[in-house]
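Written out below as structure tokens is the structure these notes cover.
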There are 2 protein chains.
Amino acid sequence: MYDMAPPRVLTREQIAEAALRLADQTGVERLTMRALADELGVGTMTLYSYVRSRDDLLDLMVDTATEPVAATPIEGHWTEQIVTLFSALHEVLTKHPGLVRARMTRPFNSPGVMRLAERALSVLQAAGMDRQEAARAYRTLYLFTLGCATYGGHSDTAQLRRDLEALPSTDFPHVAAHRDKLIYTVAEAAEFRYGLRLLVTAMSAYVPPPTNRNPQGGTHNPVG
Amino acid sequence: MYDMAPPRVLTREQIAEAALRLADQTGVERLTMRALADELGVGTMTLYSYVRSRDDLLDLMVDTATEPVAATPIEGHWTEQIVTLFSALHEVLTKHPGLVRARMTRPFNSPGVMRLAERALSVLQAAGMDRQEAARAYRTLYLFTLGCATYGGHSDTAQLRRDLEALPSTDFPHVAAHRDKLIYTVAEAAEFRYGLRLLVTAMSAYVPPPTNRNPQGGTHNPVG
DNA sequence: ACACGATACCGTATGATGTACGACATGGCC
DNA sequence: GGCCATGTCGTACATCATACGGTATCGTGT
């Protein structure tokens with residue numbers, strides 16, 4: 001058996017980190033295989049021994065970025081646990097603005113997200129939901145989180161403002177009156193949490209004891 | 001003044017319709033300027049007398065697709081009106097699967113969406129919300145709708161199923177148990193409505209008469 | 001009737017991209 | 001020392017959006 005060869009000069013982790021850094025700095029649209037290879041000091045085609053394709057690279061980036069979500073500690077009432085979990089996902093996704101957009105072509109099955117699903121489903125069932133309800137609730141929370149992370153921030157606030165100001169106030173009186181509040185900026189995370197709390201509040205109606213309250217870690221059981 | 005010229009052989013409307021048709025048939029990734037021009041029987045560059053760029057074409061497609069939303073009739077309790085409005089948006093967006101994804105790079109300021117914003121804000125304020133609350137509620141509903149439309153359906157259900165089945169049941173017992181329910185297929189619209197109703201139900205707590213109910217057109221006032 | 005010139009159409013060219021192909025280098029094993 | 005699997009990467013190619021400039025068309029002014 002002749003199975004040894006020259007040592008690998010990179011790791012997938014290094015590639016993922018460099019790709020995330022580059023994407024954050026210059027935008028995902030500027031993240032080309034050539035640019036990334038240059039950044040790493042290797043030839044373009046070398047990257048293809050680590051990732052199958054550019055899509056695979058984006059997968060790897062999502063995996064790396066969402067990985068810390070799985071480690072988020074949760075405690076308190078189940079509603080609080082849910083808010084904490086999805087806030088962690090939201091935070092991680094908004095930290096790399098272009099990533100969600102670039103990757104949205106495919107469903108998100110990254111390990112980090114799957115771990116999140118596992119924990120969220122566990123919490124929801126422990127809170128008293130049956131399978132059908134828990135799955136539906138999870139998907140709703142998940143889609144809301146992705147929607148906020150994807151569309152919540154405006155890449156070009158000035159452009160949005162110009163667009164809104166261009167609308168005739170006579171035809172759009174309410175939009176004109178709300179203009180400033182429709183431009184979502186620093187309040188992004190706060191507004192996300194507002195919606196999240198609305199959802200879990202409404203979902204509380206689906207669990208057996210409608211006004212149940214025990215103020216510390218009542219219903220959580222670990223995953224295993 | 002010599003300002004006449006050969007008649008235009010196309011209209012923006014024809015281009016938008018052909019582009020939507022092509023995108024629906026072959027996927028947005030196959031919607032190239034060449035392919036669209038061939039479909040319309042003109043040279044590639046001719047398209048550039050009607051649209052500034054490919055991005056502009058996508059804008060035009062979104063505008064065309066979302067235009068009918070503005071005409072959706074709404075009636076009944078304000079919660080019903082809100083559900084109807086955003087369901088119309090959701091329906092129109094999911095009718096052209098790849099479009100939302102392709103266009104999500106920029107914020108959605110299409111006329112149809114702005115008309116929707118106008119009507120939704122009107123309904124929310126008429127229901128008793130103040131400006132701050134109405135704007136926040138609108139944005140939440142809007143982001144939820146976009147999230148569902150963007151990520152709700154899975155382009156490749158078989159692939160998702162394979163991914164889910166590949167997960168070790170020991171590490172992901174809840175995901176494994178919920179597997180079928182996590183694959184969102186025909187129930188997409190129903191699940192969206194479930195989330196929408198959760199949101200408006202929870203929002204009801206923010207309007208003055210908490211259990212107000214008048215069963216026909218109580219609080220809606222027209223836009224103008 | 002006829003020339004003018006503004007405008008629409010489109011053939012061609014350019015530069016960027018992802019990636020296939022195959023040459024070359026490396027280093028452990030016979 | 002020769003062998004060959006493996007990792008690296010220069011080059012080449014197909015495909016894309018789109019800039020440029022030539023050509024065709026037609027209402028207008030004479």
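Chain identifiers are assigned alphabetically (A, B, ...) following the order of the sequence lines, protein sequences preceding nucleic acid strands; residue numbering begins at 1 within each chain.
Salt-bridge annotation for A/E39 and A/R34: absent, with no side-chain N of the basic residue lying under 4.0 Å from a carboxylate O of the acidic one. Contact check on B/E80 versus B/R197 returns a salt bridge, with a Lys/Arg side-chain nitrogen under 4.0 Å from an Asp/Glu carboxylate oxygen. The pair B/R161-B/D180 counts as a salt bridge, with a side-chain nitrogen and a carboxylate oxygen less than 4.0 angstrom apart.
For the pair A/L40/A/L47, a side-chain contact is recorded, criterion being any heavy-atom separation below 4.5 Å from C-beta on. Contact annotation: the side chain of B/V92 approaches that of B/P68 to within less than 4.5 Å [non-hydrogen atoms, C-beta and beyond]. Counting heavy atoms from C-beta on, the side chains of A/L57 and A/L36 come closer than 4.5 Å.
Remark: side-chain polar atoms of A/R119 are paired, donor with acceptor, to backbone N or O of A/T72 under 3.5 angstrom.
Side-chain contact of B/Q125 with A/H178: a donor-acceptor pair under 3.5 Å is present, judged by distance alone.
Note on the helix from C/dA1-D/dT30 to C/dC30-D/dG1: terminal axis deviation equals 30°, with five pairs used at each end and the result rounded to 10°.
Interface residues of residues 36-47 of chain B facing DNA chain D, ordered by number: B/T44, B/M45; criterion, heavy-atom separation under 4.0 Å.
OP1 and OP2 of C/dA8 both lie 4.0 Å or more from every side-chain N or O belonging to B/S49.
Remark: C1' of C/dT7 and OH of B/Y50 are 11 Å apart, rounded to the nearest angstrom. Nucleotide D/dT18 holds its P atom 10 Å from the CG atom of B/L58, rounded to whole Å. To the nearest angstrom, C1' of D/dC9 lies 13 Å from CG of A/L10. For the pair B/D55 CG and D/dA17 P, the interatomic distance rounds to 11 Å; values are reported in whole Å.
Considering all non-hydrogen atoms of both residues, A/A16 and A/T64 come closest at CB-OG1, 3.3 Å.
Using a 30° and 60° split on the angle between ring planes, B/H90 and B/F192 fall in the parallel class, below 30°.
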Atom pairs under 3.5 Å, N or O on each side, protein against nucleotides 14-18 of chain C: can you list them with distances?
from   : atom 1 : to    : atom 2 : distance (Å)
C/dG18 : OP1    : A/R54 : NE     : 2.8
C/dG18 : OP2    : A/M33 : N      : 3.2
C/dG18 : N7     : A/R34 : NH2    : 2.9
C/dG18 : O6     : A/R34 : NH2    : 3.0

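Atom CZ of A/R12 has more than 12 heavy atoms from other residues, nucleotides or ligands within 6.0 Å.
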